[in-house]
Amino acid sequence: MIYVATDNVLEPPMNLDRLNPANLNPADFAEMQRRLGLSDADLATTLGLSVKNGKTRIREIKRGARTCSEAMALKLIAMLRERRDGSAD
C-alpha cells in the first residue's frame, strides 16, 4: 500500500472506489477537501464557484444542509486520483 503525505503525516490513501458521486456524504466531502489541502475559498474557486457564494455552499455541503452535485464529486475524485497517481502530463 502506498501512503500519502497529508499535513506532514503519512496516511493511507482514501478508498475512492467506494465513493458514490451521485450521493456523496458530508463527511466524505470534508475528508476530500482536507486531503486536497484546500480552504473553503480555494475549493469554491477550484469547483468553479464564486468565492463569496461558493464558501457558503461549501460550508453547507460539509454540514449536510446542501448536497454535493455529482459533477463536483467527480471533479474532487479526479483531483484526488491525480494526486495519488501523479500528474498525467
Looking only at non-hydrogen atoms, find the nearest pair between [X] and [Y] and report the distance.
| X | Y | answer |
| --- | --- | --- |
| C68 | A73 | SG-N, 3.7 Å |
| G64 | P26 | CA-CG, 3.6 Å |
| V51 | A41 | CG1-CB, 4.0 Å |

Residues in salt bridge (Lys or Arg N to Asp or Glu O under 4.0 Å) contact with E60, at least two apart in sequence or another chain: R66
Salt bridge flag under 4.0 Å for residues R35 and D28: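 Salt bridge: no.
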Side-chain touch [X]/[Y], heavy atoms, less than 4.5 angstrom:
| X | Y | result |
| --- | --- | --- |
| L24 | M32 | yes |
| L36 | T46 | no |
| K62 | I58 | yes |

From CG (N25) to OG1 (T67), nearest 0.5 Å: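 Result: 12.0 Å between the selected atoms.
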Atom pair CG (L74) and CD (E70), whose distance is rounded to the nearest 0.5 Å: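 L74 CG to E70 CD: 5.0 Å, rounded to 0.5 Å.
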L16 backbone acceptor or donor facing R84 side chain under 3.5 Å: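 Not confirmed, R84 side chain does not pair with L16 backbone.
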Under 3.5 Å: donor-acceptor pair, side chain of Q33, backbone of L38: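 Between the backbone of L38 and the side chain of Q33 there is a qualifying donor-acceptor contact (under 3.5 Å).
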Residue from L43, I61, I77 passing side-chain contact (heavy atoms from CB on, under 4.5 Å) with M72: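 Testing M72 for a side-chain contact (heavy atoms from CB on, under 4.5 Å) against L43, I61, I77 leaves exactly one candidate, I61.
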K55 atom NZ: more than 12 heavy-atom contacts under 6.0 Å: no
